[in-house]
Amino acid sequence: MMDAFTAGLLQRIKATETDLTRARETGDEFLADVEQAELDDLHRLAAEHGVEFGAASA
């Protein structure tokens with residue numbers, strides 16, 4: 001069973017990946033940069049806490 005921190009973090013990663021894809025598809029470069037920075041931060045946070053996320057989260 002996953003704790004609330006891990007579940008929330010994984011949910012935020014998935015949502016940010018979706019937002020990043022949408023920004024790229026619509027050609028919004030600024031928003032894509034913002035979402036990529038957020039995703040990088042979430043990946044760093046996950047690594048610091050030993051949270052593994054799927055290969056699609058690269």
Side-chain angles (χ1 to χ4, degrees):
M1 185 168 222
M2 182 179 313
D3 65 37
F5 174 79
T6 301
L9 184 57
L10 293 174
Q11 182 178 19
R12 287 182 60 197
I13 288 172
K14 183 175 180 178
T16 303
E17 288 173 333
T18 299
D19 293 344
L20 175 59
T21 298
R22 188 176 305 119
R24 287 178 174 162
E25 288 174 349
T26 62
D28 189 335
E29 292 181 29
F30 176 75
L31 183 57
D33 287 345
V34 169
E35 296 297 347
Q36 183 62 60
E38 176 71 9
L39 190 56
D40 292 344
D41 286 344
L42 291 169
H43 284 178
R44 178 189 49 77
L45 186 62
E48 288 175 358
H49 292 277
V51 175
E52 294 185 22
F53 46 90
S57 302

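Residues take their numbers from the sequence shown, with the count starting at 1.
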* Structure fact -> Taken to the nearest 0.5 Å, the spacing of R12 CZ from E17 CD works out to 13.0 Å
* Reference residue T16; test side-chain contact (heavy atoms from CB on, under 4.5 Å); the match among E38, Q36, H43 -> E38
* **E48 CD: over 12 foreign heavy atoms closer than 6.0 Å** => yes
* Asked: How close do L9 and A46 get, heavy atom to heavy atom, and via which atoms?
  -> CD2-CA, 3.5 Å
* Asked: D19: what forms a side chain to side chain contact (heavy atoms under 4.5 Å, CB included) with it, not counting sequence neighbours?
  -> R22, E35
* Taking all heavy atoms of A32 and all of L20, pick out the closest pair and write down the distance. => O-CD1, 3.3 Å
* Check whether L39 and L10 end up in the same hydrophobic cluster, where Ile, Leu, Val, Met, Phe, Trp and Tyr are linked by side-chain heavy atoms less than 4.5 Å apart. => yes
